[in-house]
Amino acid sequence: MPTAVPPGAEPSRALVPTDVLSSSSIAEPTIAEPTTARPGAADPATAEARPRAAFRPDIEGLRGVAVLSVLAFHAAVPGLTGGYVGVDVFFVVSGFLITGLLLARPLGLWDFAARRARRILPAAAVVLVATALAGGALLDPLRGTDLARDLIAAAGQFSNWRFVGQQTDYLAAEHDPSPLQHFWSLGVENQFYLLWGVLLLGLARLFAGHRRRTVTAATLTTLAVGGVSLLLCVRWTAGSAPLGYFSTASRLWEFAVGGCVALAAPALTTRLARGGPGARLGGGLLRVLGWAGAAALLTAVLRYDRDTPFPGAAALLPVLGTAAVLLAGPAHRALAAGDAGRLLATRPLRAAGRLSYAWYLWHWPVLTIAQARWGALPWTTLAALTAAAAVPAWLTLRLVEQPLRYGSSPAPRRGLAVGASALVIPLIAGLTLGGGTVRALGDPDRAAVAPAGAVDGPGLLAPGARVLTLTPSLARAREDFPPGKGCEIPLGAETSPRCVFGAESSPDRIVLIGDSHAGQWISAALAMAEQRQWALEVLVKPGCPLATLTVRNNVLGRTFEECDRWRENTFTRLTSGPKPRLVLMAGLNRYGGQDERTEGWTRTLDRLTALGAPLAYLGDTPMPGKDIPTCLAGSDGRSDACFFPRGSAFERDPLLDGGLAERYRVRALDLGPLLCPGTGPDCPAVLEGVILYRDTGHITDTLARVLAPRLDHALLGPDTVS
């Protein structure tokens with residue numbers, strides 16, 4: 001997915017497909033499994049009934065290709081930059097298999113739900129509990145708290161919606177990836193199963209005894225659901241990428257494509273089985289189709305990367321490629337030497353396909369916990385860790401998946417009981433882990449009390465002010481946001497809402513304008529306004545520079561056109577109301593190059609100077625580039641920990657260093673020397689007991705309130721604004 005503004009800019013952690021893989025579709029039966037019992041399995045006569053169709057070894061190998069591409073992508077193996085499309089492969093395969101299953105068997109809804117629960121949930125529960133134990137032992141308490149919340153969401157099968165909320169909420173977006181973030185796809189699949197089971201089984205009951213009507217209705221339903229979902233996917237990928245990426249509604253079309261193949265395959269099989277020249281021609285065309293589908297998949301794996309807007313229209317390539325491979329391997333004939341499926345059916349790929357579900361579940365927690373513990377690792381180490389994750393995956397397959405799949409009673413109540421246990425046990429583990437980490441961090445509900453800040457001078461706090469314990473507490477540091485969360489408008493918005501604080505009816509107002517690095521100053525600006533019984537108007541758009549320059553947004557994967565329109569609308573808006581008593585500008589100082597920033601600020605200051613209102617500018621705060629609360633939690637809260645390099649903390653500022661502030665008579669305040677004092681190589685994360693940053697680049701609201709007197713004195717002193 002696209003890179004939004006420069007590294008460390010907003011958002012600093014791009015919404016990238018580094019944590020997206022399929023889950024339950026990896027575990028689906030491949031049409032018909034061989035009838036011989038596997039080692040440790042029960043008598044096949046007691047196993048769940050299977051449709052009478054030929055075994056599809058090519059699908060098993062296709063799952064192997066998909067999971068290997070995903071694992072390689074997560075391990076950062078060079079060249080496989082689009083390996084994340086494995087999720088799309090699994091979604092299509094799942095839609096194909098489940099649609100065929102629901103139309104082939106006279107199942108009841110409870111029976112279907114029990115089979116899915118027994119097949120999917122136990123292995124997931126084992127990984128969730130193991131991850132909770134490992135996270136509690138190896139992660140710092142703050143990440144342990146996040147993990148506990150993620151574990152509850154994963155066990156409850158709504159991880160995808162948790163990550164929609166987290167990624168859509170810019171204020172909470174700059175965290176390290178969760179060890180359970182890959183469970184979002186398991187949530188999507190189980191939500192799909194619920195919807196599809198109700199729809200198709202309902203149609204089967206409605207048209208009982210009329211198979212042709214059932215198939216026709218199922219086809220129309222699949223096309224309708226798929227069409228609407230595809231439109232939502234394209235639209236949300238362009239305007240609300242987290243929703244497009246993680247939501248069930250925007251992913252249903254991929255399952256629907258697989259469902260369409262399942263609905264079309266029987267008729268195709270019947271025609272080809274009749275023989276004759278037409279059948280031979282059809283068989284040849286299918287072979288071409290299969291190779292074209294395989295080429296499409298390979299192209300996506302090799303050519304897509306993190307800058308590809310995904311899923312959106314780009315997902316059509318791997319989705320249709322997978323559909324082509326599925327359609328090209330009809331069950332009525334054996335795979336010939338010229339079939340792409342023959343390559344997929346090789347033993348190594350089939351072995352990877354059989355292991356894929358458990359391997360996928362295990363590998364991501366291994367990688368993320370290892371890097372949380374020891375820092376960034378080279379791709380060779382990541383690949384070795386991914387390979388090592390095959391060991392617990394194989395044990396899970398042999399000791400959990402296969403015994404419960406082949407050896408447990410097919411009675412629905414037994415399957416539902418197994419599924420319920422697999423939900424409850426991880427929930428208990430999550431609650432236990434969460435309780436322990438909260439106790440380690442302190443009371444998260446205790447409000448941070450900002451100490452008195454100095455008006456000027458080299459010290460942060462006023463003379464006599466002391467902080468006995470870290471403020472805000474580590475339990476609250478990440479949530480220490482400014483008020484007016486709704487003021488920071490979403491990416492697709494082009495106009496700010498009315499966001500006014502203080503004496504709202506006053507004609508006198510301070511206007512705070514910029515991106516989220518301006519939004520972090522709301523509390524300080526509000527204190528300035530309230531002292532004079534003025535209003536504070538907030539005009540903030542995350543990721544959008546106030547300097548007039550066009551940027552590329554990493555979430556949208558394209559030029560941030562909405563930013564340009566928002567800026568123009570904001571300038572127009574400022575000319576329509578009463579003249580502000582002060583226009584307070586702030587923002588991230590990392591958009592574009594130095595020359596671009598200088599030219600962009602010149603154009604912006606030309607527009608704002610024409611207002612005739614006093615202008616003030618807050619220099620950008622130091623950029624830590626790492627999650628400070630997490631670092632401090634891992635360092636037992638030591639105030640001398642988590643220093644970061646001075647050299648990467650600052651960029652040359654056109655207003656402070658380039659002379660623009662003097663040229664345009666802008667009152668500027670540079671807080672860099674205060675927050676990164678001295679001349680040493682590093683900057684602190686804690687100063688005089690105050691935690692300075694709530695994530696990788698934004699200051700805590702506590703710090704903003706501490707600095708309010710300094711801002712008031714420097715920007716609104718008696719000699720500044722009349």
Side-chain angles (χ1 to χ4, degrees), residues 19-34 38-40 55-94 96-97 119-120 123-124 126-127 182 185-186 189 258 290 293-294 297-298 300-302 318 321-322 325-326 329 335 339-367 379-380 382-402 405:
D19 14 308
V20 305
L21 289 198
S22 173
S23 40
S24 54
S25 65
I26 309 177
E28 293 299 343
T30 311
I31 301 298
E33 299 281 354
R38 294 185 180 179
F55 173 56
R56 290 285 302 270
D58 57 324
I59 296 181
E60 192 170 62
L62 181 61
R63 291 202 305 265
V65 168
V67 76
L68 289 173
S69 67
V70 169
L71 299 183
F73 174 75
H74 278 183
V77 176
L80 302 180
T81 54
Y84 54 83
V85 301
V87 67
D88 307 276
V89 175
F90 288 129
F91 284 171
V92 176
V93 170
S94 186
F96 173 75
L97 296 174
R119 183 70 186 91
I120 296 167
V126 169
V127 175
H182 62 321
S185 59
L186 183 59
E189 291 220 22
L297 288 176
L298 182 62
V301 170
L302 297 178
T322 303
V325 172
L326 293 173
L335 291 169
D339 287 331
R342 186 69 173 268
L343 179 63
L344 293 173
T346 55
R347 287 187 177 181
L349 292 180
R350 287 181 55 192
R354 284 192 294 273
L355 190 61
S356 56
Y357 180 43
W359 201 359
Y360 167 70
L361 291 178
W362 278 102
H363 89 285
W364 185 247
V366 168
L367 294 182
W379 76 265
T380 50
L382 295 177
L385 289 171
T386 300
V391 175
W394 182 82
L395 292 173
T396 303
L397 174 68
R398 293 297 300 270
L399 301 179
V400 179
E401 284 192 71
Q402 290 181 347
R405 180 178 180 185

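Bear in mind that the values here come from a model prediction, so they are computed numbers and not experimental data. All values below were derived from every heavy atom in this structure, side-chain atoms included, with hydrogens, water molecules and symmetry-related copies excluded.
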What's the shortest heavy-atom distance between Ala352 and Val67, and which atoms?
O-CG1, 4.0 Å
What is the minimum heavy-atom distance between Asp88 and Tyr84, and which atoms define it?
OD2-O, 4.1 Å
How close do Leu344 and Leu349 get, heavy atom to heavy atom, and via which atoms?
O-CB, 3.6 Å
Answer whether the closest heavy-atom distance between the side chains of Val126 and Leu361 falls below 4.5 Å.
no
Working to the nearest 0.5 Å, report the span between CH2 of Trp362 and CG of Leu395.
8.5 Å
Quick one: sort the His363 and His182 rings into parallel, tilted or perpendicular, breaks at 30° and 60°.
perpendicular
Would a 4.5 Å heavy-atom cut-off, applied to side chains only, mark Val92 and Leu326 as touching?
yes
To the nearest 0.5 Å, how far apart are CG in Leu302 and CG in Leu297?
11.0 Å
Tell me the closest heavy-atom pair linking Ala123 and Glu401, and the distance in Å.
CB-CG, 3.9 Å
To check you understand the geometry: which heavy-atom pair defines the closest contact between Gly290 and Val325, and what is its length?
O-CG2, 3.8 Å
So which atom in Ala358 and which in Ala393 form the shortest heavy-atom distance, rounded to 0.1 Å?
CB-O, 3.4 Å
Roughly how far, to the nearest 0.5 Å, is the OG1 atom of Thr386 from the CZ atom of Phe73?
12.5 Å
For Leu397, is there any backbone N or O sitting under 3.5 Å from a side-chain donor or acceptor partner on Arg354?
no
Minimum side-chain heavy-atom gap Ile59-Val93 below 4.5 Å
yes
To the closest 0.5 Å, what do you measure between OG1 (Thr396) and OH (Tyr357)?
10.0 Å
Hey, does the side chain of Ser94 reach the backbone of Phe90 with a donor-acceptor pair shorter than 3.5 angstrom?
no
Worked check of side chain to side chain contact (heavy atoms under 4.5 Å, CB included) between Arg63 and Arg350
CA-CA 8 Å; Arg63 291 202 305 265; Arg350 287 181 55 192; over 6 Å; no
